[in-house]
Amino acid sequence: REVSISNSAGDFVASTHGTDNTQHGYIKLFESGVFSVATGGTTERLRITGIGSVGIGEDDPYDLLSIKKNSSTAYSANSMNDSQSGGARLSIFNSDNTTSNTFADIHFKCHSTSSGEARIGMLLPSINKSELFFITEKDNNLVERLRITSDGDVGIGTTNPTGVNA
């Protein structure tokens, strides 16, 4: 194996090659300030632009975080294996499996000096059950506005729905 560091055209490149001289990956810092990582040969997997945009599977990230995957896997609500191996998916995972009422969520916040927040998340009220919740803010109070239970009950303005639109 060989590790080489080169500077061509003003770029810094560190790459690895196998005994057959096949490239296994690289880390590259372009003169323009772009940083990229390739694995499995020369396939770029991660890019950070000079202005801080991050691309995963995207070599020209158009947002602060752009995630891209090309997959023709068909959607199936009943198959975790298909969902895990195909499709474009973002996972947020809370690995604590010791208690009920654990959660994982996405937190949205606008404005740095005043409040303006919202959350969408998944709650585990008990083992093998999951609920989806939506929280918004009004007058500096975060309040759950919508919940969908594992039984399919939907509650607007309640955290304990007993039917659809309870």
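The shown structure was predicted, so the numbers you read here are calculated from the model rather than taken from an experiment.
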Which residues satisfy the side-chain hydrogen bond (donor to acceptor under 3.5 Å, both in side chains) test with [X], sequence neighbours excluded?
X    : answer
S95  : none
Q23  : none
E58  : none
T136 : R145

Got a sec, which residues hit side-chain contact (heavy atoms from CB on, under 4.5 Å) with [X], two or more places apart in sequence or on another chain?
X    : answer
F134 : I120, L132, L146
I51  : T49, S53
I92  : A104, I106
S100 : S126

Show the nearest heavy-atom pair for residues [X] and [Y], with the distance to one decimal.
X    : Y    : result
P125 : S130 : CD-CA, 4.2 Å
V34  : G50  : CG2-N, 4.1 Å
T159 : P161 : C-CD, 3.5 Å
T158 : E144 : O-OE2, 4.2 Å

Test side-chain contact (heavy atoms from CB on, under 4.5 Å) applied to Y62 and K68, step by step
CA-CA 11 Å; Y62 41 87; K68 179 179 170 183; 5.8 Å; no
May I have all residue pairs that pass salt bridge (Lys or Arg N to Asp or Glu O under 4.0 Å) and include part of residues 91-108, sequence neighbours excluded?
D105-R119
Determine which pairs satisfy salt bridge (Lys or Arg N to Asp or Glu O under 4.0 Å) with at least one residue from residues 131-141, sequence neighbours left out, and list them in order.
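Of all non-adjacent pairs touching residues 131-141, those that pass salt bridge (Lys or Arg N to Asp or Glu O under 4.0 Å) are E131-R147.
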A quick test of your reading: do over 12 heavy atoms of other residues, nucleotides or ligands sit less than 6.0 Å from CG of D20?
yes
Donor-acceptor pair, side chain of H24 and main chain of G18, under 3.5 angstrom
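Side chain of H24 to backbone of G18: a pair is present.
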To the nearest 0.5 Å, what is the distance between CZ on F30 and CZ on F35?
10.5 Å
Contact list for residues 29-41, test side-chain hydrogen bond (donor to acceptor under 3.5 Å, both in side chains), sequence neighbours left out:
T39-R45
Distance-only polar pair, side chains of D151 and T149, donor-acceptor under 3.5 Å
no
Is F103 isolated, or which residues cluster with it under the ILVMFWY side-chain rule of less than 4.5 Å, directly or via members?
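Reading the cluster by chain and number, F103 sits alongside L123, F133, I135, L142.
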